[in-house]
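We're numbering straight along the sequence, starting at 1. Because the structure is predicted, anything quoted here is derived from the model rather than measured.
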Amino acid sequence: MSAVSPMQDAAPGGWIVLKFGGTSVSRRHRWDTIGKLAKQRAEQTGSRVLVVVSALSGVTNELTAIAEGAADGAARVAALEQRHRDFLADLELDADAVLGERLAALRGLLDDPRAATRPLDWQAEVLGQGELLSSTLGAAYLRAQGLDMGWTDARDWLDALPPQPNQSEWSRRLSVNCQWQADDAWRARFAAQPTRLLITQGFIARHTEGGTAILGRGGSDTSAAYFGALLGAGRVEIWTDVPGMFSANPREVPDARLLNRLGYAEAQEITTTGAKVLHPRSIKPCRDSGVPMAILDTERPELPGTSIDRSAATVPGVKAISRRNGVVLVSVEDIGMWQQVGYLAEVFALFRRHGLSVDMIGTSQTNVTVSLDPSENLLSENVLAALAADLEKIGRVKVIVPCAAITLVGRGMRSLLHRLSDVFSSFGHERVHMISQSSNDLNLTFVIDEADADGLLPELHAALIDSGAMPVLEKDVFGPRWRELDGAVRPRPLPWWHGERGRLLRMAQAGTPRYVYHLPTVRERARALKSVAAVDHRYYAIKANPHPAVLRALVEEGFGLECVSLGELHHVFAALPQLDPKRVLFTPSFAPVDEYAQAFALGVTVTLDNVEALRRWPEVFRGRQLWLRIDLGHGDGHHQKVNTGGKDSKFGLSAQRVDEFVDAARALGTTITGLHAHLGSGVENMGHWRQMCDELAGFARRIGTVSTLDIGGGLPIPYSADDEPFDVAAWAAGLAEVRAVHPAFELVIEPGRYLVAEAGVLLARATQVIEKDGVRRVGLDAGMNALARPALYDAWHDVANLERLDEAADGVFDVVGPICESSDVFGRHRHLPAATAPGEVMLIADAGAYGHAMASTYNQRALPDEDVIDGAAD
Ligand code: LLP
C-alpha cells in the first residue's frame, strides 16, 4: 500500500498538531492514548506537538442550553461540575486543585450581570468553558503520567477575523473565522513556550473586541487546522472514532471503502456533502498553506487512516457517495419576467432577505428550483412560509419537503456519465426532483424524497463499483471495506479450483476452451439449500447449466427440475429417463402453444402467465391443473437485463388481471393450484423473497384453490471480492418468519445460478499478449462466444493464470477474446502475473451458470468442451 507513512511530512524542529474530539477525551484510557501518541510523534519526528481538544462529549450541548437561557441553568451547571469532578476522581486527580478555579469561573458566569440579558459576548464565554475544562484536566492528567505537557490558552493565539459586512451579529461572535497567516514574531512567540508538548482548546479564539469568540460547529477541527497553518505544521492529525473517511457512510453501507488518500478538493467536497468525520471548514487553511492532514482512529491508532495532501494521485472516478437529509426544495413556477434582465437577482434577493443560503439551483424557461441545506440554514416553518409568501409575488411556489440529496463525489464526473447507467436505473424507481452537477466537475447530486432514499445507498454504492465508475482497484485511493476493518467479514475459503490445479492443467491438454464442473461444489450448495426448513420443494432451473451430470447430481440431492422449453423437457427425460414428471416444472414464456400441450401430455406441472392463451386455445387448458405466474409489479437483479418484474418486463400476468384470469380459468374448469413469481436474477436484497411470498399469499387466499407458492430463483453468488456471499441462514430466517404467517401454503424455490455458478470454470489458453497505447492485453482462445456474460451484462468474472497461480499478480491486463466485436472483453485492468505469456492456461472463475448454456458458434468458433470433476481432489 502506498499510503503515506504517518511521519513522512513532519520535519524535525517543526510542529505536529493532533486534534481529539469529545469522545476521545471523555475516558481515561483515551487520555492514555493521547499521551502515548503525543510522545510517540515527538520522538519519531523530532517535532514539537500541539494537542487540540474538544470538550467532554455532550458538554457543549449543555453549555448551549445554558447560554440560551435554559430555566434550569443552575442545575445544569451543577451537573456539569459533578461530571467533571467524577471524571477527575476516575483520573485519580484532586478536583479542587486541578479544576477549582475553572469550575468557580463557570458558576460565576451564571451570576454575571450579563446573564440576565444574555448578550453574545457572555454566551461565548459560557460556550468556551467546556474546552477550557477538558484541556486543563487533560494537561494535569498527562503531567501526572510523567509527560512534559504545557497548557496554553487558544485565545492567546487565534484571532477572530474582523466582522464582515454580511455577517449577522450572532455569527460575528459565535461562528467566527480566524486569521491563519502568521508572521515570524508570532511563530517565535509560540515556540518560546517552554515545553515540547502543549495542549490547547479547540472551538475558541480571541474576539477582535476582546473576550472569547466561538468558531461554531466543527470548531475543534477548524482550530487544529488554523494552528496547523499558523505554525506551518508538518501535519495536522484529526483523531476520531472511525478509521478515516469512507466511500459512503459505513453505518449505512458496510461495503464502504476506506479512502486511503485524497486531494484537498475532493476531501472538501466529500465533507461538505455529508461525511461527518471532518468539518469542511477545516480543509481550507491546511490547503492554502500546504499542510497535510490525516484522519485517524483513536481506538485503533495502528490503522493508516485517510491522508489528505497536495500530492495525492489524481485518479478519476467516483470516490464517495453521500446523503443529506432534511433538504428543502423551493420551486417557483410561471415566472412572468422570464428573460428580463435581473429576474434571477429578483428571486435570489428574496432568499437573501429571509437569511437563507441557497445550495443548488436548477432553472428552466419558466421555473427556478433551489435547494436549501438544513446544515447551512435555520429552516423553521415560519421562515419558509414567509419566504413562500414573498415568492408568490413572482410566480407559483411549491415547497417540497423533506428531500434527500444524494451526491456522487469524484474527479471528472462529466467523463463518467457513460458508466452511470446502473446508477441512473436505480434512481429510475424514485422520483428525481432535481439533478445538479457542480461547476468544478467534482460532484453530481440527485434530490429525491427522503423516504425514497432509504436503502438506496448500498445499492448505488454497489452499482458504482460494478460499473467501474468507482475504481476500487486503485489501491492508492481505496482501502479495505468497513466490514473488514470492523471484523465482520467471514473468511472465505479458497475456491475449489486452487486444489485441482494439476487436474485442470491436464484437462486443458485435451483442448481449450473447456468448461469444467466440480460436482462436490454443486452438492455442497444443494445441501445448503436443503437445510432451509421453510422451503418445502426445490427445483433446479436447468437453463443455468443443463449438463447431464449436473442434473443427475441435483436430482440425487432431492431437487426437481425447472424447464422453460420443450427442448429442455426432452433433454431432462433423456438424461434421467426414470424421473417422475411430478418433479418437473414447465415455466415457458411466449412459447408456441404446442409446447404447453406436449408438456401436459408429459405430466409435468405447467405454469401459464397470461389470459390470452386461455382464451385463444381453450382446448389446451380445459380441465387442467396449472400454476399461474404473476408479475408482482417490481423486479430486481444484478443487471437491468435480468430484471423480470414490472411494466417493462415481458414475464408474468399483470397483478391487475389476476381476477380476469381466475374467471377465464374457472369457465374452462381449469384449476389454479400454484402461484409463481420470478422477479429477477442475482438479487442481493434479502427482503426480496419474503416480500414475494407475502404478496403471493395474498393472491392465493383470494383465489382459494392454490396450495403452492413458488418464489422463483434469483439467489446471488459473490462473483468478485466485493460481493458478500449469500447468507443462507439469514435468508432462511426471513422465509421462516413469513412462512409462519401463511402456514396454509407450501413454499417452492427454483434457483439456478446459486447451485452451479461457483462449481464451474472456463479454461482457455492465452493466444497473444499485445501492448497498444499503454494498454496491455492478453487474448484468450475463448471469447464472448464461449462466455457471453461479460459482454452482455458487464458481468465480473475473476480471471487467473492457472500456470502461475503462486506468482504475484504484478501486471495489469485487459483480458479479451478472439471474436470480432468490441464487447469481446472478459475484464479490464485485471491484475495477473506480468510474465503471462501466449500458450499459458488461464481460468475464468464462477462460469458454471449461464456459461456453456449461453455459448454460441459466433465467428464459426466451436462450442467449448465440457468436463466434470467428481470425487476428491487428486
Ligand atoms: N426461474 C425462472 C422462471 C427463471 O426465469 C430463472 C432464470 C430462474 C428460475 C433461475 O434464476 P437464477 O437462480 O439462476 O437467478 N443469463 C443471466 C441470468 C438469466 C436468468 C433467467 N431466468 C445471467 O447470466 O446472469
Side-chain angles (χ1 to χ4, degrees), residues 517 519 521-589 591 595-596 598-609 624-629 644 671-678 681 689 692-693 696 700 706-715 728 731-732 735 739 745-757 759 848-850 853:
Y517 310 125
L519 295 187
T521 298
V522 175
R523 293 201 179 91
E524 194 184 299
R525 297 293 182 276
R527 286 171 197 163
L529 293 188
K530 263 163 60 179
S531 71
V532 177
V535 173
D536 299 281
H537 304 288
R538 294 154 201 88
Y539 296 82
Y540 165 55
I542 77 155
K543 64 174 86 58
N545 184 335
H547 192 285
V550 171
L551 301 188
R552 280 194 287 268
L554 285 167
V555 167
E556 277 163 25
E557 292 298 328
F559 275 69
L561 301 175
E562 187 254 352
C563 301
V564 290
S565 69
L566 193 58
E568 284 193 351
L569 286 173
H570 288 325
H571 176 77
V572 157
F573 289 114
L576 294 148
Q578 309 301 323
L579 186 67
D580 181 352
K582 292 205 180 60
R583 289 178 66 183
V584 178
L585 303 180
F586 183 54
T587 321
S589 163
E595 297 200 5
Y596 295 86
Q598 295 203 45
F600 281 123
L602 284 168
V604 304
T605 302
V606 174
T607 296
L608 183 63
D609 65 356
R624 302 280 189 190
Q625 297 196 337
L626 50 70
W627 289 6
L628 165 62
R629 177 170 184 169
T644 52
T671 315
I672 306 164
T673 54
L675 289 185
H676 174 285
H678 170 84
S681 196
W689 296 270
M692 285 167 76
C693 181
L696 285 179
V706 172
S707 57
T708 304
L709 306 179
D710 180 345
I711 52 173
L715 283 54
V728 177
W731 182 68
L735 288 182
R739 179 75 215 269
F745 307 109
E746 293 204 311
L747 199 57
V748 163
I749 56 169
E750 46 183 48
R753 180 192 321 270
Y754 178 82
L755 293 162
V756 292
Y850 308 107

Where the side chain of [X] meets the backbone of [Y], is there a donor-acceptor pair that is under 3.5 Å apart?
| X | Y | answer |
| --- | --- | --- |
| Tyr540 | Val555 | no |
| Arg753 | Gly714 | no |
| His676 | Thr607 | no |
| Asp609 | Arg629 | no |
| Trp689 | Gly713 | yes |

Can you tell me how far the [atom1] atom of [X] sits from the [atom2] atom of [Y], to the nearest 0.5 Å?
| X | Y | atom1 | atom2 | answer |
| --- | --- | --- | --- | --- |
| Phe600 | Gln625 | CZ | CD | 9.5 Å |
| His537 | Leu747 | NE2 | CG | 9.5 Å |
| Thr708 | Leu696 | OG1 | CG | 11.5 Å |
| Gln598 | Glu595 | CD | CD | 7.5 Å |

Which pair of non-hydrogen atoms, one from [X] and one from [Y], has the smallest distance, and what is that distance?
| X | Y | answer |
| --- | --- | --- |
| Tyr596 | Val606 | CD2-CG1, 3.9 Å |
| Ala553 | Arg523 | CB-NH2, 4.0 Å |
| Ala700 | Leu675 | N-CD1, 3.5 Å |
| Lys582 | Tyr539 | O-OH, 4.0 Å |
| Val706 | Gly674 | CG1-CA, 4.0 Å |
| Asn545 | Gly848 | ND2-O, 3.0 Å |

Taking the side chain as C-beta and beyond, is there a heavy-atom pair between [X] and [Y] under 4.5 Å?
| X | Y | value |
| --- | --- | --- |
| Leu602 | Phe586 | no |
| Val522 | Tyr517 | no |
| Ile749 | Trp731 | yes |
| Asp710 | Leu585 | yes |
| Ile711 | Leu735 | yes |
| Glu557 | Arg525 | no |
| Val550 | Leu519 | yes |
| Ser681 | Thr644 | no |

Legend entry - CA sep, side-chain torsions, deciding dist, call: Leu576, Leu561, side-chain contact (heavy atoms from CB on, under 4.5 Å): CA-CA 11 Å; Leu576 294 148; Leu561 301 175; 3.9 Å; yes
Inset, instruction - Applying side chain to side chain donor-acceptor pair (under 3.5 Å) between Glu562 and each of Lys543, His678, Arg538, report the one that passes. - result: Lys543
Inset, instruction - Please list, chain by chain and in numerical order, all residues satisfying salt bridge (Lys or Arg N to Asp or Glu O under 4.0 Å) with Arg739, sequence neighbours excluded. - result: Asp536
Inset, instruction - Given side-chain contact (heavy atoms from CB on, under 4.5 Å), test Leu569 with Leu566 step by step and report yes or no. - result: CA-CA 5 Å; Leu569 286 173; Leu566 193 58; 4.1 Å; yes
